[in-house]
Amino acid sequence: MKPSLAQRFATAFLEGGRWKLYLQGLGTTLELTVVALIFGVLLGLVVAVVRSAHDQQRVGRRNPVLGVLNVLCQIYTTVIRGTPMLVQLFIWTFVIFPTQRNKILVAFIGLGVNSGAYVAEIIRGGLMSVDAGQSEAGRSLGLGYFDTMRFIVIPQAFKNILPSLGNEFITLFKDTSLAQAIGGMEMLYYASTIGGRTFDYMPPLLGIAVMYLAIVIVFTWLQGRLERRLRESDRR
Amino acid sequence: MIDVKNLSKSFGDHLVLDGISQHIYPGEKVVVIGPSGSGKSTFLRCLNLLETPSKGTITFHGTVITDPKVKIDQVRQQMGMVFQHFNLFPNMTIRKNITLAPVRTGLMKQEEADELAGSLLQRVDLTDKADAYPSQLSGGQKQRVAIVRALAMKPQLMLFDEPTSALDPEMVGEVLDVMKELARDGMTMVVVTHEMGFAREVGSRVLFMADGKVLEEGAPAELFGTPQHPRLKDFLSKVL
């Protein structure tokens with residue numbers, strides 16, 4: 001007799017306290033997301049500032065060091081955005097760190113470096129979205145480039161990039177499932193292991209799909225609230 | 001005070017300024033008029049290097065500021081600039097707009113700057129707006145704040161880039177009044193404007209620009225009374 005649907009789910013989630021494994025996987029997934037995001041935002045900020053600083057230099061006063069950095073940053077964003085995430089993860093795992101046992105550590109690096117390239121473009125877009133008159137006004141008052149960025153441009157850019165940054169967070173959160181392919185023990189890893197052990201893939205996979213979805217929905221809602229609050233300060 | 005020699009500026013193939021030489025003396029009120037596209041705003045923006053000249057030199061108090069080695073921020077601290085679109089910082093209160101630069105450049109302490117902001121705002125009748133944000137102000141009020149924001153740096157020279165062109169007609173007067181008062185106090189001013197009445201009343205010298213050149217210059221009475229160049233005659237017949 002075939003087991004009922006309820007039985008199949010019970011096998012996948014309750015038997016032998018398996019639900020704990022999913023939570024363990026979820027913990028790793030969230031950890032991967034947060035660490036990679038922080039890494040990505042820091043990296044992205046540096047790249048974005050280098051690239052826009054380079055673009056805003058006065059003609060005839062170009063800084064050669066900045067020129068070299070700018071080219072490096074351009075290569076970085078081009079390569080990372082132009083190759084598949086999974087290929088990058090495999091290269092980190094099997095080519096760059098073949099002896100590293102801690103696959104989560106490799107995944108941190110792979111995801112963070114990947115995310116940084118996208119975040120850099122998001123931040124750069126945000127910096128460019130601030131009217132040129134704003135930095136002209138700052139500079140005309142005698143403020144330096146960094147003070148102008150810090151007090152005038154970046155605070156205004158931040159509001160403009162929040163939606164795209166939230167989007168990047170969601171993408172990154174789901175992309176952590178790719179870490180399974182290099183042996184990172186996150187949610188998908190446990191789901192497929194349990195699927196293999198019970199010879200029934202449907203319940204664990206549907207289960208984690210719902211978990212991913214639920215978290216994205218909650219996050220989207222939070223993001224909407226934050227954006228509404230920032231907009232309110234516009235009307236004042 | 002400022003000596004401009006053979007200044008040229010081109011954007012790509014387009015020559016916007018064509019070999020301008022001018023000298024601006026302390027206390028002078030130079031008004032620049034001319035049809036749109038004549039290069040008058042570009043000329044003004046070259047004076048504090050918001051635009052980098054393609055050719056020529058600009059000397060400010062004996063310093064060749066077009067030299068790439070010059071610390072341009074220090075030069076700009078001595079030149080105030082007022083823009084057509086105000087360019088107040090929307091993320092800060094009016095007080096913070098005024099005090100940010102003097103404090104960050106080390107010109108004064110926050111308390112001093114706050115005090116100065118208070119007296120400057122009083123001068124332009126906006127004391128009650130110190131804690132407001134730019135979005136709560138009318139165009140005329142914004143421009144008056146923009147003027148005192150520049151004044152808070154205690155500049156030796158003020159540059160005005162069409163300060164009334166983006167204003168509703170009924171607000172032009174209040175901004176011009178502030179500028180007239182500033183002129184009476186002896187500030188050196190370079191003003192790009194379409195307000196011929198202002199040019200006539202306040203200007204000590206008027207430059208007429210077209211096609212990137214100064215075609216005619218002189219005291220307002222002669223320039224407006226007996227224009228010589230056909231382009232100027234044509235221009236005046238359209239605007240007066």
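Just so it is clear: chains get the letters A, B, ... in the order the sequence lines come, proteins before strands, and each one is counted from 1.
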Looking at Asn48(B), Leu50(B), Val82(B), Val75(B), which one has more heavy-atom pairs under 4.5 Å with chain A than the rest? Leu50(B)
Below 4.5 Å, heavy-atom pairs only: which of Glu51(B), Arg104(B), Gln84(B) has the largest tally toward chain A? Arg104(B)
Taking atom [atom1] of [X] and atom [atom2] of [Y], what is their separation to the nearest 0.5 Å?
X	Y	atom1	atom2	answer
Leu100(B)	Asp147(A)	CG	CG	7.5 Å
Tyr145(A)	Asp73(B)	OH	CG	12.5 Å
Ser140(A)	Arg149(B)	OG	CZ	6.5 Å

Heavy-atom count around [X] [atom1] within 6.0 Å, excluding the residue itself: above 12?
X	atom1	value
Glu112(B)	CD	yes
Phe146(A)	CZ	no
Phe90(A)	CZ	yes
Lys109(B)	NZ	no

I'd like to know if the side chain of Glu136(A) reaches the main chain of Asn87(B), judged simply by a donor and an acceptor atom lying under 3.5 Å from each other, with no hydrogens or angles considered. no
Asn91(B) side-chain N/O to Phe151(A) backbone N/O, donor-acceptor pair under 3.5 Å: yes
Quick check on [X] against chain A: is it the side chain, the backbone, both or neither that has a heavy atom closer than 4.5 Å?
X	result
Phe83(B)	side chain
Leu88(B)	backbone
Met79(B)	backbone

Looking only at heavy atoms, what is the nearest atom pair of [X] and [Y], with distance?
X	Y	result
Ala150(B)	Leu141(A)	CA-CD2, 4.0 Å
Met92(B)	Ile152(A)	CE-CG1, 3.9 Å
Ala137(A)	Phe89(B)	CB-CE2, 3.9 Å

Heavy-atom distance under 4.5 Å between the side chains of Gln134(A) and Pro90(B), does that happen here? yes
Contacts with chain A made by residues 156-169 of chain B (heavy-atom distance under 4.5 Å), listed by residue number: none
